[in-house]
Every structure is written in structure tokens, then in C-alpha cells.
Amino acid sequence: MTMSSIKIECVLRENCRCGESPVWEEASKSLLFVDIPAKKVCRWDSLSKQVQRVIVDAPVSSVALRQSGDYVATVGTNFCALNWENQSTLVLATVDKDKKNNRFNDGKVDPAGRYFAGTMAEETAPAVLERHQGSLYSLFPNHHVEKYFDQVDISNGLDWSLDHKIFYYIDSLSYSVDAFDYDLQTGKISNRRSVYKLEREEQIPDGMCIDVEGKLWVACYNGGRVIRLDPETGKRLQTVKLPVDKTTSCCFGGKDYSEMYVTSARDGLDSEDLLRQPEAGGIFKITGLGVKGIPPHPYAG
């Protein structure tokens with residue numbers, strides 16, 4: 001597949017302050033995503049091109065499908081159930097009660113239906129914050145919360161290998177994509193190691209997803225790109241540049257999960273930047289990558 005067959009279009013000019021956590025919902029042929037500081041969960045219908053939005057009462061950093069229907073989301077420092085019809089949230093569990101300045105950041109459901117998400121200190125400016133305040137957690141289907149480790153700066157992208165034996169994770173300010181051994185039965189992780197260190201022009205690693213070949217795609221915040229990595233060799237295989245700098249996360253969706261959706265942010269851009277990249281904060285669709293993704297896992301609780 002030649003590079004020139006790749007097509008990038010802004011399918012929704014949402015002007016997100018900080019768009020994040022894109023998730024494809026096959027049943028409704030829709031893309032879910034959040035705008036963290038705007039406290040918005042959005043659902044873009046790819047057929048009608050209409051957007052529905054639910055406003056919640058705190059920064060909402062990730063959203064995921066739920067097996068029983070509807071969604072779960074990380075709101076403030078709460079794992080919440082989200083009822084789309086009546087636009088309400090119900091707290092399932094709360095973390096970091098001793099850290100009033102913290103909030104959740106990126107989250108994703110593992111192949112066994114546990115909702116993994118990590119925290120960080122609230123930023124004073126994009127990527128400027130008190131260091132080492134975050135932790136990584138998961139919400140089990142029975143609503144029990146497991147804490148894995150702390151000392152996290154900005155808990156970010158996460159996914160699991162195709163055989164479910166490796167958990168991939170990004171703490172943004174380490175400029176590294178890390179891997180852990182993963183036990184799907186217990187949800188335990190061990191043996192942390194780095195599989196890729198970002199290069200200077202790639203900037204800050206943010207959201208991440210995996211494709212059917214087991215390769216990782218990482219959105220590079222301030223780098224205006226998504227990169228494809230081989231976690232076994234530690235090599236970068238491909239770079240896809242986007243017309244905005246603050247690319248935040250990515251997921252596969254659309255027909256047979258052959259399209260990639262990328263979220264982006266406007267916060268931290270001045271008026272000159274915004275003139276140069278009017279689609280900043282928009283949702284982008286990339287076609288022609290020549291590789292497919294896998295469906296998201298629903299939360300089992």
C-alpha cells in the first residue's frame with residue numbers, strides 16, 4: 001500500500017478544547033469521544049453526521065461501551081455509569097480521595113471487561129502540572145477498584161496485545177511507550193519495560209490503539225501526527241501527519257474497523273496558531289492505511 005493512498009479528512013469541526021478517548025460503537029455506527037475541560041461526552045453518527053452531546057459536572061476524560069448497554073466514563077476522579085437517554089451519571093467508584101487537585105485522564109476496557117484508567121494532577125497549562133501525582137487503576141466488573149502503581153505524571157494511552165499477554169501503557173512525560181506482562185484472569189500486571197522512546201519531533205505520546213497485526217498507533221501531542229510502532233522491535237514503521245498540532249488520541253472504526261479516527265485539541269494554541277490550523281479541536285478520519293483495528297471491549301459490570 002503506497003503512502004499516497006492515505007486520505008485524511010476532518011469529519012467534524014467540533015472545536016474541542018481537548019478532544020480525547022475516541023471509541024467506535026458499531027451498533028449505532030457512531031464515534032464516541034470526550035472534550036475534557038468542556039465536560040462533554042459526544043456521539044457523532046457517521047451516517048447522519050449529527051452529533052449528540054451530554055454535559056457532565058466535572059472534566060470527563062474517557063468514555064467506554066458497557067455490555068449492559070449505555071456507557072461508562074471517567075468523570076473527575078469517579079468511574080461513572082452514563083445513561084445517554086436521560087443524560088445522567090451514576091458514580092460507581094471514586095479514587096484519589098486524598099488528592100483534591102487530581103482528575104482521571106485516559107481510560108480503556110481490557111479484554112475481560114475491566115475498565116482501566118489513570119489519574120494526573122489538573123494542569124495549570126497544557127502539559128504543565130504538579131509531577132508524580134497520578135496513579136493507574138482499574139474498575140472490575142463487580143465495581144472493586146484495583147490500584148496498580150502511583151508516581152504517574154500524565155496517565156495516558158493504553159491497550160492490550162492481541163494474545164492479551166501484554167499491557168501497553170503511556171505515561172506522557174516519560175516520552176516512552178511501556179509494556180507490562182499481563183494476566184487476563186486476574187488483571188495483574190508486572191515486569192514494566194520501555195518498548196519505544198519518542199524522538200524529539202514526535203513530541204509527547206498521548207492516546208494509543210492497536211491494529212490487527214499487533215502494531216501500536218500513538219497520537220503525538222504537539223507533534224501533529226500518529227505513528228505506528230512495532231512493540232517487539234521498538235522500531236517506528238510509519239508516520240501519518242495531520243493538519244493540526246495537538247493530536248490527542250486515535251482508534252479504529254468505520255467499515256470493518258478499516259478507518260482510523262483521531263481526536264485533537266485547541267487549548268494552548270494562540271490566535272496565530274488557530275489561523276494556521278482552523279480544524280484544531282476537530283475529529284479526523286484517516287482512510288487507506290491498509291490495516292484494520294479491533295473492536296473495543298465493553299465494560300462487563
Side-chain angles (χ1 to χ4, degrees), residues 20-34 40-47 52-54 56 60-95 104-118 136-148 155 157-169 182-189 207-212 249-257 261 263 292-301:
E20 265 286 0
S21 184
V23 181
W24 184 257
E25 183 176 47
E26 181 56 33
S28 64
K29 301 275 190 288
S30 297
L31 185 77
L32 290 148
F33 61 94
V34 301
K40 269 192 319 202
V41 184
C42 304
R43 187 168 72 186
W44 174 74
D45 184 317
S46 68
L47 304 176
Q52 294 176 303
R53 301 172 184 86
V54 170
V56 295
V60 53
S61 60
S62 74
V63 61
L65 309 180
R66 194 176 185 186
Q67 214 166 281
S68 56
D70 269 326
Y71 311 108
V72 283
T74 48
V75 182
T77 51
N78 296 319
F79 282 109
C80 292
L82 172 61
N83 181 313
W84 198 261
E85 281 310 297
N86 62 25
Q87 307 206 347
S88 65
T89 54
L90 174 71
V91 175
L92 302 175
T94 305
V95 304
F104 267 117
N105 202 36
D106 208 354
K108 191 172 278 181
V109 178
D110 86 346
R114 303 176 190 96
Y115 189 10
F116 274 66
L136 180 70
Y137 297 96
S138 86
L139 179 71
F140 280 59
N142 65 359
H143 300 180
H144 161 75
V145 173
E146 193 75 40
K147 178 176 173 177
Y148 294 100
S155 191
L158 53 177
D159 218 327
W160 290 264
S161 62
L162 302 181
D163 65 5
H164 307 157
K165 291 193 167 120
I166 302 174
F167 168 59
Y168 298 109
Y169 174 73
Y182 191 64
D183 184 333
L184 188 66
Q185 292 333 108
T186 62
K188 292 218 179 327
I189 62 176
M208 168 168 64
C209 67
I210 197 162
D211 65 30
V212 291
S249 192
C250 51
C251 78
F252 284 93
K255 189 171 159 44
D256 305 329
Y257 293 89
Y261 288 91
T263 49
K292 294 176 178 174
I294 57 172
H297 306 288
Y299 173 62

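Taking the side-chain contact (heavy atoms from CB on, under 4.5 Å) definition, one finds that His144 meets it with Phe140, Asn142, Glu146, sequence neighbours left out. In this structure Trp44 satisfies the side chain to side chain donor-acceptor pair (under 3.5 Å) test with no other residue, sequence neighbours excluded. His164 pairs by the ring-ring contact (aromatic ring centres under 6.0 Å, His included) definition with nothing, not counting sequence neighbours. Looking at residues two or more places apart in sequence or on another chain, you find a salt bridge (charged side-chain N to carboxylate O under 4.0 Å, His left out) between Arg114 and Asp110. Listed by chain and residue number, Glu26 satisfy the salt bridge (charged side-chain N to carboxylate O under 4.0 Å, His left out) test with Lys29 (two or more places apart in sequence, or in another chain). Among residues two or more places apart in sequence or in another chain, the side chain to side chain donor-acceptor pair (under 3.5 Å) test is passed with Asn78 by Thr94. Contacts of Tyr299 classified as side chain to side chain donor-acceptor pair (under 3.5 Å), with partners at least two apart in sequence or in another chain: none. With sequence neighbours left out, the side-chain contact (heavy atoms from CB on, under 4.5 Å) criterion links Asp70 to Asn83, Trp84. A search for side-chain contact (heavy atoms from CB on, under 4.5 Å) contacts involving Lys147 returns Ser135, Tyr137, Asp150, not counting sequence neighbours. Ser68 pairs by the side-chain contact (heavy atoms from CB on, under 4.5 Å) definition with Arg66, not counting sequence neighbours. A search for side chain to side chain donor-acceptor pair (under 3.5 Å) contacts involving Thr77 returns nothing, not counting sequence neighbours.
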Criterion ring-ring contact (aromatic ring centres under 6.0 Å, His included) on Tyr148 and Phe116, from CA distance to verdict: CA-CA 10 Å; Tyr148 294 100; Phe116 274 66; 5.2 Å; yes
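Side-chain rings of Phe33 and Tyr261 stay apart, their centers remaining 6.0 Å or farther from each other.
For the salt bridge (Lys or Arg N to Asp or Glu O under 4.0 Å) condition, the pairs that include at least one residue of residues 292-301, sequence neighbours left out, are Asp256-Lys292.
Of the options Cys42, Cys251, Cys209, a side-chain contact (heavy atoms from CB on, under 4.5 Å) to Pro22 is made by Cys251 and by none of the others.
Thr74 and Ser62 are linked by a side-chain donor-acceptor pair at a separation below 3.5 angstrom, with hydrogens and angles left out of the test.
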